[in-house]
Amino acid sequence: MLAKLILEDGSVFHGEAFGSPTSVAGEVIFNTGMVGYPESFTDPSYAGQILILTYPLIGNYGVPCPLPAQAGENNLDILKTDFESERIHIAGLVVSEYSRDFSHWSGHSNLDAWLKANHIPAISGLDTRLLTQKLRERGSMLGKIVVHEKDLPFYDPNLENLVARVAQKKSAEYGTGKKRVLLIDCGCKYNIVRSLLRRNVAVRTVPWDWDISKEQYDGIVISNGPGDPKTVAATVRRVREAYQQDKPMFGICLGSQIMALAAGADTYKLKYGHHSQNQPCVLVGSKRCFITSQNHGYAVDERSLPPDWEPWFFNANDGSNEGIRHRTKPFRAVQFHPEASPGPLDTGFLFDEFVEKL
């Protein structure tokens with residue numbers, strides 16, 4: 001079954017379709033990770049995006065067995081999976097070579113079957129290195145995967161509030177620790193919850209637009225999520241109000257951008273974003289570099305930070321901001337993923353530092 005990838009600059013790439021035999025449009029980006037596609041595909045931060053995997057061989061270790069996403073004791077059953085949410089969030093997939101046969105002790109099905117079950121189209125046989133070079137020079141572009149010649153218009157997902165689409169609609173409780181963390185779900189990865197529970201705290205997740213003024217908590221975490229942070233004005237407003245309480249606050253990925261906006265700073269769209277497991281981030285004021293997992297298309301303009309905030313980390317590749325912190329209050333945020341699923345796990349200690357302040 002033939003398919004083609006069409007970019008907004010008029011480029012057309014022909015390949016073989018697998019997954020769901022449907023056409024789709026979205027923003028085309030690339031990820032340089034070698035492994036971790038089950039975790040990446042289920043990361044809500046990829047909503048609306050057609051993902052190019054630069055690693056040439058994809059599918060050789062299959063897909064783990066999905067457990068029923070149902071609540072058990074303390075809602076922990078939905079966290080006993082190898083995925084980062086209850087479903088795939090990428091709009092479409094582009095790979096150089098797809099391995100239909102898989103071999104791994106945890107493999108339950110092949111990638112093709114999993115994509116079909118989630119109605120996600122994919123295309124293989126493309127020169128992903130050429131595509132990556134094009135996106136690095138031109139920047140992220142709109143594109144579409146066309147199957148069976150069923151064409152459709154281009155679609156820019158960043159024009160809508162993607163957080164409202166992917167975030168959980170209800171609150172939930174996890175764990176029984178003595179300290180209580182309020183986790184604002186903007187498209188939260190399960191491993192953020194797992195990382196907090198491993199540190200013996202109780203976690204209450206609430207939707208992105210939840211009124212948190214009446215909640216009882218010892219600290220707040222603002223999760224990752226997709227799209228332009230300026231589309232989630234309700235969350236920005238809630239966080240700005242929470243700053244008045246001086247309780248520990250920790251932002252991750254989109255959460256960092258939301259905290260910056262709430263402080264009065266600005267954000268901007270990166271040329272092609274950071275989507276990989278190997279981004280080097282340097283602690284400001286030192287030569288200490290951490291290798292991090294990332295997935296975001298926007299960044300904080302640290303030049304716009306008010307005087308009571310300061311840069312915390314920066315990206316060693318392009319110099320963009322990777323973290324901010326308040327100079328006197330326990331408010332900190334990072335652009336990368338300390339929960340890192342897929343890894344590396346270099347920055348997991350940031351959860352320890354947050355919990356110690358509760």
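The structure displayed is predicted, hence computed values, not measured ones. The chain is numbered in sequence order, starting from 1.
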**Asked** Hey, is the main chain of P64 close enough, under 3.5 Å, to the side chain of S106 for a donor-acceptor pair?
**Response** no
**Prompt:** Should D9 and K134 count as an ion pair when the cut-off is N to O under 4.0 Å?
**Reply:** yes
**Asked** Side chains of Q335 and N321: is there a donor and an acceptor less than 3.5 Å apart?
**Response** no
**Request:** Spell out, as yes or no, whether a donor-acceptor pair under 3.5 Å connects the side chain of T235 to the backbone of W208.
**Result:** yes
**Asked** Do you know which of P229, S223, P226 makes side chain to side chain contact (heavy atoms under 4.5 Å, CB included) with C186?
**Response** S223
**Request:** Check the surroundings of atom NZ in K179: do more than 12 heavy atoms from other residues, nucleotides or ligands lie under 6.0 Å from it?
**Result:** no
**Message:** Salt bridge or not between K329 and D246? Use side-chain N to carboxylate O under 4.0 Å.
**Reply:** yes
**Message:** For G15 versus L126, what's the shortest heavy-atom pair and its separation?
**Reply:** CA-CD1, 3.8 Å
**Prompt:** Closest approach of I120 and I88, non-hydrogen atoms and distance?
**Reply:** CG1-CG2, 3.8 Å
**Item:** Side-chain donor/acceptor of S85 to backbone N/O of P44, under 3.5 Å
**Value:** no
**Request:** Could you check Y298 against Y268 for ring pair (Phe, Tyr, Trp, His ring centres under 6.0 Å), going step by step and ending with a plain yes or no?
**Result:** CA-CA 6 Å; Y298 290 80; Y268 65 98; 8.6 Å; no
**Prompt:** Does D301 come within less than 4.0 Å of R303, counting only side-chain N to carboxylate O?
**Reply:** yes
**E8/K144 salt bridge by N-O under 4.0 Å criterion** = no
**Item:** Under 3.5 Å side-chain donor-acceptor pair for Q49 and E27
**Value:** yes
**Message:** Less than 4.0 angstrom from a charged side-chain N to a carboxylate O is my criterion; do R325 and E302 meet it?
**Reply:** no
**Asked** Mind checking what makes ring pair (Phe, Tyr, Trp, His ring centres under 6.0 Å) contact with Y37, not counting sequence neighbours?
**Response** F41, Y61
**Request:** Quick one: do F349 and F290 satisfy ring pair (Phe, Tyr, Trp, His ring centres under 6.0 Å)? Show the steps, please.
**Result:** CA-CA 11 Å; F349 69 91; F290 301 90; 5.5 Å; yes
**Fill in**
On a heavy-atom basis, the closest approach of L358 and V181 is CD1-CG2, 3.8 Å
**Which atom of V300 lies closest to which atom of Q257, heavy atoms considered** = CG2-CA, 3.9 Å
**Asked** Is the shortest side-chain N to carboxylate O distance from E160 to R165 below 4.0 Å?
**Response** yes
**Request:** Say whether, by atom type as modelled, one donor and one acceptor occur between the side chain of R180 and the main chain of Q216 under 3.5 angstrom.
**Result:** yes
**Request:** Report yes if the side chains of L135 and I52 come closer than 4.5 Å at any heavy-atom pair, otherwise no.
**Result:** yes
**Item:** K247 bridged to D218 by N-O distance under 4.0 Å
**Value:** no
**Request:** State whether the side chain of S341 and the backbone N or O of N191 hold a donor-acceptor pair below 3.5 Å, judged by distance alone.
**Result:** no
**Prompt:** Can you check side chain to side chain contact (heavy atoms under 4.5 Å, CB included) on T205 and Y174, steps first, answer last?
**Reply:** CA-CA 8 Å; T205 62; Y174 302 91; 3.7 Å; yes
**Fill in**
With Q294 as partner, the option from Q277, H275, E322 fulfilling side chain to side chain donor-acceptor pair (under 3.5 Å) is E322
**Prompt:** Hey, does the side chain of E16 reach the backbone of M1 with a donor-acceptor pair shorter than 3.5 angstrom?
**Reply:** no
**Asked** Can you tell me if T132 uses its side chain to pair, donor with acceptor, with the backbone of T128 under 3.5 Å?
**Response** yes
**Prompt:** Which heavy atom in P38 sits nearest to a heavy atom in D82, and how many Å separate them?
**Reply:** CB-O, 4.4 Å
**Message:** Whether R194 and E84 form a salt bridge (side-chain N of Lys/Arg under 4.0 Å from carboxylate O of Asp/Glu) is what I want to check.
**Reply:** yes
**Message:** With no hydrogens and no angle check, just 3.5 Å: does a side-chain donor-acceptor pair link Y46 and N31?
**Reply:** yes
**Message:** Please check this pair: side chain of S23 against backbone of K150, looking for a donor-acceptor N/O pair closer than 3.5 Å.
**Reply:** yes
**Message:** Under a 3.5 Å distance rule, please check whether D112 uses its side chain to pair with a backbone N or O of F18 as donor and acceptor.
**Reply:** no
**Item:** Salt-bridge criterion met for K271 and E137 (N-O under 4.0 Å)
**Value:** no
**Item:** SG on C253 to CD1 on I258, rounded to 0.5 Å
**Value:** 9.5 Å
**Request:** For the pair N118 (side chain) and W114 (backbone), establish whether a donor and an acceptor sit closer than 3.5 Å, ignoring hydrogens and angles.
**Result:** yes
**Complete:** All heavy atoms of I29 vs all of S140, minimum pair found to be CG2-OG, 3.8 Å
**Complete:** Sequence neighbours excluded, the answer for salt bridge (charged side-chain N to carboxylate O under 4.0 Å, His left out) partners of D318 is none
**Prompt:** Are D352 and R199 ion-paired here, with the side-chain N under 4.0 Å from a carboxylate O?
**Reply:** yes
**Message:** Would you say the rings of Y243 and F331 are close, in the sense that their centroids are separated by under 6.0 Å?
**Reply:** yes
**Prompt:** Quick one: do the N158 and D228 side chains pair a donor with an acceptor below 3.5 Å?
**Reply:** no
